Enquirer: 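My questions all concern the structure below.
These numbers were taken from a predicted model, which means no experiment stands behind them. To find a chain, count down the sequence lines: A is the first, B the second, and so on, and within it residues start at 1. All values below come from the heavy atoms of this structure, side chains included, with hydrogens, waters and symmetry mates left out.
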Amino acid sequence: MSAAEILPLEIIDKTVGQPIWVMLTSHREFTGTLVGFDDFVNIVLEDVVEYDRDHEVKRHAGKMLLSGNNISMLVPGGKPE
Amino acid sequence: MSAAEILPLEIIDKTVGQPIWVMLTSHREFTGTLVGFDDFVNIVLEDVVEYDRDHEVKRHAGKMLLSGNNISMLVPGGKPE
Amino acid sequence: MSAAEILPLEIIDKTVGQPIWVMLTSHREFTGTLVGFDDFVNIVLEDVVEYDRDHEVKRHAGKMLLSGNNISMLVPGGKPE
Amino acid sequence: MSAAEILPLEIIDKTVGQPIWVMLTSHREFTGTLVGFDDFVNIVLEDVVEYDRDHEVKRHAGKMLLSGNNISMLVPGGKPE
Amino acid sequence: MSAAEILPLEIIDKTVGQPIWVMLTSHREFTGTLVGFDDFVNIVLEDVVEYDRDHEVKRHAGKMLLSGNNISMLVPGGKPE
Amino acid sequence: MSAAEILPLEIIDKTVGQPIWVMLTSHREFTGTLVGFDDFVNIVLEDVVEYDRDHEVKRHAGKMLLSGNNISMLVPGGKPE
Amino acid sequence: MSAAEILPLEIIDKTVGQPIWVMLTSHREFTGTLVGFDDFVNIVLEDVVEYDRDHEVKRHAGKMLLSGNNISMLVPGGKPE
């Protein structure tokens, strides 16, 4: 592993406490603050906004768990405006 | 793992005995009281209301087991009004 | 694990010999008496009624095995009238 | 495990040499004599009749192997008339 | 395991060097001579004829590897006329 | 294992440095020179031609990695004219 | 393993810090600089351009994680013009 390389789980770890944008295999998207995660890339978000094909559909207070086997994409820093 | 971080299974553990909202990969949704769970995120609910794309379709007395490999989202605290 | 918590396999174990309602990921449903199960949530039913989207389609005498990887929901006590 | 309980693999084992009805996740169905199986519920049938949504489509002499990951239902004793 | 029982992998092993008919989960079918296989039921065929829903579409000289996770059915002896 | 039998990974190993034809479960096809592979049947091709349902759509210089869990068919020697 | 052979993970390792083109099983495509990866072929990209069936849809600053179980193709060097 070259020194400059960053492991996927490291990226997620560095994003804890910060905004993140998550896309599921079903094209649903969620943005929120990353609160935690595990080795199966199950993740916990807080203050979540839910999108369906780019359109905001719902805001969720509190925490939300998204299951790793349905996640296809994670973007630290959140969804570009 | 940073101190502030919360593991997914911890979130579920803290929700035992409380309302939770569950979405399956097939877009069926269930709310109810979380009674138990295991490491595969199979979960047991009680006093369950079943929704199909946001519309209430059925109420189930007693307990219900939802299989982890079809769960895509869990929201402790239940479904927002 | 909090004392009040019930593990999914415990729920199934307590239902052996009693009615249970099973939904597959393909929306087929089965009710019957739970005769047995294993750690992969493969289950064995007896005196089975088969439904397709809520409509009764067939009655099966004898035993039936349903494979765990296609089960999405189990409800001890059977299907509400 | 309560004494009366029957494990799924036991049911299959007791059906070796007898008629069995198998449904795949793709709704294809097969009846035949169960000749063998393994822990992944791959099964071997003999003298097989193939159905597509309840209609007989083909008879196969000799043996047939059905792969466990596509099996959703097994009924010892065969398909009711 | 009762003496008369034949394990799935035994059936495949006994078919090496002989005709076999293979159906994938995508309804594509292949017949050919079974040249080899492994524990994941990946199989190697030779002199292959390819069918799409029962109609011959292509003949392949040489060898072909079919991946186990897409195979739903194997019939030693080949496809009935 | 009978002497004449060839294991799937052996077939792939013997094809390194030679043409190979790969079909994905999504019906996309690729031909190219096999450069490498691993036990999960992830494979590396070079000088790749991409087809969509038998029609050539793109040529790729350089190397390409195809993920094993989406491969359904491999034909050493390449795609018949 | 013949000397000339290159393992899939080696190809990815050699591409760290360079352009790469990634196709998901859902036909979404991404190009960007490969920043890291793990044994499950989860990969981290930077300065990402997103395509949907060959048409550019979005540019993402910062990093992006793509989950291995949805990746079907990786092309070191990026997407041909």
Side-chain angles (χ1 to χ4, degrees), chain F residues 6-53 55-74 76 79, chain G residues 1-45 49 51-56 64-81:
Chain F
I6 307 172
L7 283 171
L9 288 184
E10 273 179 72
I11 289 275
I12 303 177
D13 194 44
K14 286 183 179 168
T15 313
V16 171
Q18 295 174 35
I20 195 167
W21 171 27
V22 182
M23 187 183 286
L24 303 190
T25 47
S26 65
H27 292 292
R28 269 180 193 262
E29 299 176 22
F30 300 87
T31 59
T33 306
L34 180 64
V35 176
F37 67 100
D38 62 24
D39 289 346
F40 304 106
V41 194
N42 295 313
I43 68 168
V44 182
L45 299 183
E46 205 165 45
D47 306 327
V48 176
V49 181
E50 182 182 339
Y51 300 82
D52 197 345
R53 295 178 198 272
H55 303 291
E56 182 180 324
V57 290
K58 224 171 280 175
R59 288 182 174 257
H60 307 263
K63 295 184 179 57
M64 173 186 286
L65 185 151
L66 294 173
S67 147
N69 43 3
N70 295 303
I71 290 176
S72 74
M73 188 188 83
L74 291 170
K79 189 173 165 74
Chain G
M1 201 179 84
S2 58
E5 203 184 313
I6 307 172
L7 282 171
L9 289 183
E10 272 179 74
I11 288 275
I12 304 177
D13 194 45
K14 286 182 178 167
T15 313
V16 171
Q18 295 174 34
I20 195 168
W21 171 28
V22 183
M23 187 183 287
L24 303 191
T25 47
S26 65
H27 293 292
R28 269 180 193 262
E29 299 175 24
F30 299 88
T31 59
T33 305
L34 180 63
V35 176
F37 67 101
D38 62 23
D39 290 346
F40 304 106
V41 194
N42 295 314
I43 67 167
V44 183
L45 300 183
V49 180
Y51 300 82
D52 198 345
R53 296 178 197 270
D54 258 351
H55 303 292
E56 182 179 324
M64 173 186 286
L65 186 150
L66 294 173
S67 147
N69 43 3
N70 294 303
I71 290 176
S72 74
M73 187 190 83
L74 291 170
V75 179
K79 189 173 165 75
E81 293 314 315

Enquirer: Let me confirm one number: the CG-CG distance from G:L74 to F:N42, rounded to the nearest 0.5 Å.
Expert: 9.0 Å
Enquirer: Is it the side chain or the backbone of G:S72 that comes within 4.5 Å of chain F heavy atoms, both, or neither?
Expert: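 For G:S72, the contact with chain F is made by backbone and side chain together.
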Enquirer: Calculate, to the nearest 0.5 Å, the distance between atoms CG and CG belonging to G:L7 and F:D39 respectively.
Expert: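 Spacing of CG (G:L7) from CG (F:D39) equals 9.0 Å.
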Enquirer: Answer with side chain, backbone, both or neither: which region of F:D38 has an atom nearer than 4.5 Å to a non-hydrogen atom of chain G?
Expert: both
Enquirer: Less than 4.5 Å to any heavy atom of chain F: does that hold for the side chain of G:I20, its backbone, both, or neither?
Expert: neither
Enquirer: Could you give me the CA-CA distance, side-chain angles and deciding distance for G:M23 and F:R28, then say whether side chain to side chain contact (heavy atoms under 4.5 Å, CB included) is met?
Expert: CA-CA 12 Å; G:M23 187 183 287; F:R28 269 180 193 262; 3.8 Å; yes
Enquirer: If you look at every heavy atom in G:P8 and F:V44, which pair is closest and at what distance?
Expert: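 The answer is CA-CG2, 3.6 Å.
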Enquirer: Let me know if G:I71 has heavy atoms under 4.5 Å from chain F in its side chain, its backbone, both or neither.
Expert: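 Contact with chain F is through the backbone of G:I71 alone.
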Enquirer: So for F:F40, is it side chain, backbone, both, or neither that comes closer than 4.5 Å to the heavy atoms of chain G?
Expert: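 Neither part; nothing is under 4.5 Å.
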Enquirer: Roughly how far, to the nearest 0.5 Å, is the NZ atom of F:K63 from the OG1 atom of G:T15?
Expert: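 If I round to the nearest 0.5 Å, the distance is 9.0 Å.
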